[in-house]
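Before any comments, here is the structure.
The model shown is predicted, which means the values in this text are computed figures rather than measured ones. In what follows, every chain begins at residue 1, and chains take the letters A, B, ... in the order their sequences are listed.
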Amino acid sequence: MTKEVTLTIDGKEVSVPAGSLVVDAAKKAGIDIPVFCYHPKMEPVGMCRQCLVEIGRPAFDRATGEAVLEEDGSPKINWGWKLETSCTNPVSEGMVVKTTSEKAVKGQNDMLEFQLSSHPLDCPVCDKGGECLLQDLTLAHGSAESRFNFNEKRHSEKHFPLGDLIWLDRERCIQCGRCVRFQDEVVGEAVLGFEERGSKTQIMTTSDPGFDSVFAGNTTDICPVGALTTAQFRFGARPWEMEATASVCGECPVGCNTVLNTRRDAKSGGKIIVKRVMPRQNEAVNETWICDKGRFADFSAEGRLLAPKPEEWTEAVAKAAEKLSAAKGDAVFLVDGSLSNEELFNMKSLADEVGGKALCYSEVGGGALTTKSGSYSKSGAGDAILVIGGDLYAEAPIFWLRAKQAADRGAKLIVATEAETRLDAFATTVVRDVRKGLEIAEEVFANAENTVVLYSGDDALAQFCAALNPTSLIGVWAEANTQGAWEMGYEAISDLSALKGKTVYVAGKDALVASAVEAADFVVAQTVSMTEASEKAGVTLASQIAAEAEGTFTSAERRVQRFFSAVQPIGDALPGYVITAQVAEKMGVTLDIDAEDVFSAFSDLNYADLAKVSAEESLLIGGTCYENKQGLGVTLPAKA
Amino acid sequence: MSLAEKYPQEIEKILAKYPPEHKRSAVMALLYMAQREEGYVSKADKADIAQILDMTTTEISAIVGFYSLYHDEKAGQYRIQVCTDIGCALKGADQYLADLCEKLDVKPGETTEDGLITIEEVKCLAACDKAPMFQVQSPKGIKYHEKMTVDTTMELIEELRKDVQETK
Amino acid sequence: MDYMLLRHRDIPKLNQIDVFMKEDGFEGLKKALKMDTADVTNEVKAAGLRGRGGAGFPAGVKWSFMDNNNWPHYVVANADESEPGTFKDREIMESNPFQFLEGIAIASYAVGANAAYIYLRGEFWEVAHFLDEKIEEMEKAGFLGENIQGTDCSLKIYTHLGAGAYICGEETALLESMEGKRGQPRVRPPFPPSQGLYNKPTVVNNVETLTSVPYIINNGAYGYRKFGTEKSPGTKIFSLSGNVNKPGNYELPLGTTFRELIFTHGGGIPDGKSIKAIMPAGASSSMVVANDEALDTPLTYEDVPNVGGDLGSASVIVVDDSVSLDWLIRKTMDFFHHESCGKCTPCREGSYWMKKLTERIHSGEGTEEDVALLKDVATQMQGTTLCALGEFSTMAVVSSIERFPEDFA
Ligand SMILES: Cc1cc2nc3c(=O)[nH]c(=O)nc-3n(C[C@H](O)[C@H](O)[C@H](O)COP(=O)(O)O)c2cc1C
Ligand code: SF4
Ligand code: FES
């Protein structure tokens, strides 16, 4: 346990762990000190000077070391002549902080005036309007009239592409350095920098391709003003016009907590659509970050399947049921990890009831072995991590980030991949040979506390990794919920030619549907898109995507997390678990059609368990919101 | 040819000044090395240095941009950098600079027609007692010239011209 | 008085190692090597040697702050010398280099450093190459390198060139620059003696400070204290420039008056003009009104504040009565705006704003409100910037407007 320190902020007594910064201690006491450069996820730099406060410290007698007392017996407090930055000063016992005294407020307002002296007044057309720290402060404290009475404000480029995804408005930039430090400190890809110096300081990149980082989008969240915006969201919507719905990213098995911001959109025929994806804080999963795969995931209606085939639901369901019934125990129920737990469960239940086979397609093997993993978000000194067989940067970027951060904190990181990866630079050991990697890991793991293996490979590799007996064995699956399928007892299939001659009820990504149609005799395809294969299937069932339906995913670290319905379903599409229940009904099997009931039926957990939040998740300091009100999910207990 | 190919020994010598895990400290010296030929740091140089020091080219550019003795663009072969800061200004450096510019038919920041001389105005060079003064930054390095007049400056420029012609 | 620092003025060719050795060179180092390291530090502490880079912090005290639980230790000589009006370190390095290097060696011995760096401003290109030669000569003579003078003490000294940035004279910006980054100051604390170069304990001292050390070790604290005052012991090099007849470096005991420096040594004001103002610490100074009281003030750390200035690095710029201060502060703002590193808001934005205002005022288009606003902007920066540069930029501005209102009417 770290020691607690007690101090007084604006008359309130607060106790916080020793080493806390004054700004965070204030936050804990419900006092928001204005900041620009400070971000709780990065080292404080004290650059913007916005967080100036008065700090007094108890006086001690040099000779005796005793506290000096005032006449009334209260401790004597020494006040310096200068204001101090609350983001760089750690708390100390007996400290007294004034954040709203006349002097402190003058200091803060003076800094604001300096900021505004070169800032354009384009809030009405700024994407950050409504969630801009600078705007908030200006409205609260700024003077109506600028004393910077020069005709020319400094003008610089307003539409400066830093790459394909991110735009920079140089006039709006307040040089807080958050984006530069994020790329350098957090991600370790120093592709943003400052050029020039002094009042000419500007953000730039010379990387090729521009702003070469899969984490680039995060800089638009942490930018306290509207200087960095995504190409996707630029001029897209005003923040306050949007609804926010909690979701879980479906792009990879990390399970990043997200928020889907939605709005009715004229260009989309007045439909409610997803305008942007933002991170939702979950310290065990993604902290406050997401990668660009997730941020720029495609939610568009293009290519979506609007109706079943045959065109009436009753007819389509009946035909599917008929064909599957006819196949009896020979029917195959084939899925991949892109389905939710609720969808998977109804599918599995049906398979079990009719005696068919429940198979999950996955190229990464070892589904039966990943039975006890948990989050490695806190790994550090004393721990060891083996990344073997795959490129985490491409496959599961936030896993990559966490491996890198664990190494920063002192964990031993072994990278064993055939090709070079971006993780090499942060690794303790790099080998270009998988077998050699296993050998090294065995040695290193012998002297490590927590041991983690992240593997991408076939069943054989998984077996070898399991033999290392790590604390966490994590399969880097291609899909978001492949782990969920294993937890439910699906069998793995990697060679689809085995479907030859079978009747198959397939639900999953387009490629899986296409392979099934190619190989099998008769295919009932439950899918979200209209493709050549879905046209060819015997029956096509139009399913909703995760943003439309609700449900849960189980991450590769075995954390079960819930997502909510954010937009209206397209066409006649139904949630996958409802479709399966309807097919089942026709086959004489009764299944739940309410997501919550489905979840409770297969799990010892219920939705309320997933909805819990903790105090750790409260880093928000003004501006863009990471707030997590809808739950952190639950990690499944290890299986024997 | 890359810098690493051109100056392997010298690079090694520079790197030896710093602990191996902090080789980034060598960036300043390597940038001077890069400027040796053309008087500015080219894109290729930045990539070379980034490679040698395990840095990104963005980081290299950020450093080039910060320091006033590194240049991104080509200028005259010799940069005559005249101090017009307080000490020198009190001794008439502004007038000296104006006269020199007139004589050379350039404005501060411009290069003479023959591409030989760029005249620049700089901040204090720690020679305030010997105003007017300037330094000449050239691919060869930096050299101070103190207690100058327009005439002695023109003589120097003539010498530089001759030097260049001879080496051609 | 004999020279303590500018000894080359008495002894020709002192920058040659054989001459230096004949003139008691390296005696201080030899003596120090026989002493306990703590005693070396204590001697410097007792001598009361104050940092010559500007802040005047006692050197021995700084050395004693080195964190002995964290190794290796480094010594860095600050040869960035970029304060307008300062040109003393260059003369030392060019003409009395061995005494300077000897000072580094003694300091390194005292704090247990095996590597020392000299951070020179990039413009001192030739000086750096010259020092490289001198370092080699010293190594050959057995005063640097492995097992110096047969002891188990080893030391390498390296030169490191900056590239044109005044801010790199600020010690933490200097360290950032040495680490191969943009030279921007760090938040302090931690101070360099606990976390400096590569986050290791580091002593950063000015060239002149280090050059004073051999004398102190040779002659003892008592011998050193024969010069100067109780609170400002020793001699100091005053860089004298501006409107004086004989500008240049003058090594004099601390406590010498402005009058003696400017009129006796500096030969007074040229062209029959009279003295109007003094900037005692270069561009970073307040503008001191050059009345009799000021002229009779001793140049010490404790006395100069009495006339509204600071001793700083003692770069005394003399301003005669033909100069209007609205012009002069336009010059200082030109400088500070050019040199602001841009890291912190008040300096980055304030220096730009002040530059614009001083330009407008000097051009004659400024109004009374502009002058008031200029003072306001400057005052608003004071006490809020990340490092002292921002603070420095306001000194001449505020004091000139306050003390010479007629120049802004
Ligand atoms: C903006 C700024 C510029 C400085 N420039 C120099 C300089 O050029 N040389 C120097 O020795 N100290 C300079 N200093 C002071 C250093 O930060 C530091 O205090 C000094 O090097 C310590 O050495 P000393 O104690 O021997 O004086 C500067 C400080 C500031 C804030
Ligand atoms: S005061 Fe100026 S020089 Fe110092 S940190 Fe701030 S911007 Fe940089
Ligand atoms: S200086 Fe504290 S938030 Fe920027």
Side-chain angles (χ1 to χ4, degrees), chain B residues 13-14 16-19 21-32 35 49 53 55 59-71 81 83-91 93-94 121-131 133-138 140-144 146, chain C residues 72 81-90 115 117 121-126 129 156 158-166 168 177-184 197-198 239-244 246-249 279 282-283 315 317-320 323 327-328 331-332 334-335 338-339 341-342:
Chain B
K13 212 171 138 195
I14 292 170
K17 286 184 171 187
Y18 310 100
E21 66 275 29
H22 299 293
K23 59 180 176 176
R24 186 182 172 131
S25 286
V27 69
M28 307 282 274
L30 294 184
L31 285 169
Y32 281 120
Q35 285 195 162
I49 296 174
L53 301 179
M55 293 167 71
E59 288 175 295
I60 307 287
S61 301
I63 290 166
V64 170
F66 187 85
Y67 297 99
S68 62
L69 287 175
Y70 298 134
H71 310 287
Q81 298 166 335
C83 172
T84 56
D85 217 330
I86 310 171
C88 287
L90 285 168
K91 289 289 192 186
D94 287 322
E121 204 177 345
V122 297
K123 301 299 169 217
C124 182
L125 293 177
C128 324
D129 54 337
K130 306 199 178 69
M133 65 81 58
F134 57 79
Q135 66 183 5
V136 178
Q137 187 183 17
S138 74
K140 286 184 211 134
I142 295 169
K143 206 170 157 48
Y144 274 42
E146 301 173 318
Chain C
E81 182 151 81
S82 306
E83 179 68 46
T86 314
F87 42 85
K88 63 194 176 66
D89 297 339
R90 181 159 77 102
Y117 292 93
R121 61 180 297 179
E123 293 83 350
F124 288 174
W125 169 281
E126 295 201 299
H129 287 85
K156 291 288 250 176
Y158 305 102
T159 57
H160 180 106
L161 274 174
Y166 166 67
C168 290
S177 178
M178 271 220 56
E179 291 182 8
K181 303 179 190 149
R182 289 159 65 83
Q184 293 186 319
L197 183 62
Y198 310 130
S239 293
L240 183 64
S241 69
N243 304 133
V244 281
K246 291 194 279 176
N249 284 321
M279 301 180 82
S315 21
I317 303 175
V318 178
V319 181
D320 73 25
V323 176
W327 171 81
L328 198 55
K331 277 279 177 197
T332 62
D334 223 19
F335 174 77
H338 189 262
E339 299 302 335
C341 83

Axial cation check for Phe87(C) ring with Arg90(C), 6.0 Å and 45° limits = no

key: Option that, when pairs with chain B are counted at under 4.5 Å, heavy atom only, ranks first among Gly183(C), Ala165(C), Pro72(C), Gly85(C)   = Gly183(C)

key: For chain B, the option from Ser82(C), Gly122(C), Ala115(C) that forms the most heavy-atom pairs under 4.5 Å   = Gly122(C)

request  = Measure Cys341(C) against the heavy atoms of chain B and call it side chain, backbone, both or neither at under 4.5 Å.
outcome  = both

inquiry  = Please classify the contact of Lys23(B) with chain C as side chain, backbone, both or neither, using a heavy-atom distance under 4.5 Å.
reply    = neither

message = Could you work out, with ring-ring contact (aromatic ring centres under 6.0 Å, His included) as the rule, every residue matching Phe134(B), not counting sequence neighbours?
response = His145(B)

query = Within the distance-only criterion (no hydrogens, no angle test), does the side chain of Thr84(B) pair as donor or acceptor with the backbone N or O of Glu121(B) below 3.5 angstrom?
reply = no

message = Less than 4.5 Å to any heavy atom of chain C: does that hold for the side chain of Ala89(B), its backbone, both, or neither?
response = both

ask   = Out of His129(C), Lys156(C), Lys181(C), Glu81(C), which one racks up the most heavy-atom pairs below 4.5 Å with chain B?
value = Lys181(C)

ask   = Backbone N or O of Asp129(B) within a donor-acceptor pair of the Ser241(C) side chain at under 3.5 Å?
value = no

message = Regarding Arg121(C) and Asp89(C), does a basic nitrogen lie under 4.0 Å from an acidic carboxylate oxygen?
response = no

ask   = Would you say the side-chain atoms of Arg24(B) pair up with the backbone N or O of Met55(B), donor to acceptor, closer than 3.5 Å?
value = no

ask   = Out of His160(C), Glu83(C), Gln184(C), which one racks up the most heavy-atom pairs below 4.5 Å with chain B?
value = His160(C)

inquiry  = With a 4.0 Å cut-off on N to O distance, would you call Lys123(B) and Asp334(C) a salt bridge?
reply    = yes

task = Would you mind checking which part of Ala16(B) comes under 4.5 Å of any heavy atom in chain C, side chain (CB onward), backbone (N, CA, C, O), both or neither?
result = backbone

message = Please classify the contact between Ile317(C) and chain B as side chain, backbone, both or neither, with a heavy-atom cut-off of under 4.5 Å.
response = side chain

remark   = Given Ala26(B), Ala127(B), Pro19(B), the one with more heavy-atom pairs under 4.5 angstrom with chain C than any other is Pro19(B)

query = Between Tyr18(B) and Tyr117(C), is the ring centre distance below 6.0 Å?
reply = yes

Structural part of Lys17(B) lying under 4.5 Å from a heavy atom of chain C = both

query = Counting heavy-atom pairs under 4.5 Å to chain B, which of Tyr198(C), Trp327(C), Tyr158(C) comes out on top?
reply = Tyr198(C)

Side chain, backbone, both or neither of Tyr32(B) within contact of chain C (heavy atoms, under 4.5 Å) = side chain

message = Please classify the contact of Glu339(C) with chain B as side chain, backbone, both or neither, using a heavy-atom distance under 4.5 Å.
response = side chain

task = Flag the one option from Leu31(B), Ile63(B), Val27(B), Ile14(B) with the top tally of heavy-atom pairs under 4.5 Å to chain C.
result = Ile63(B)

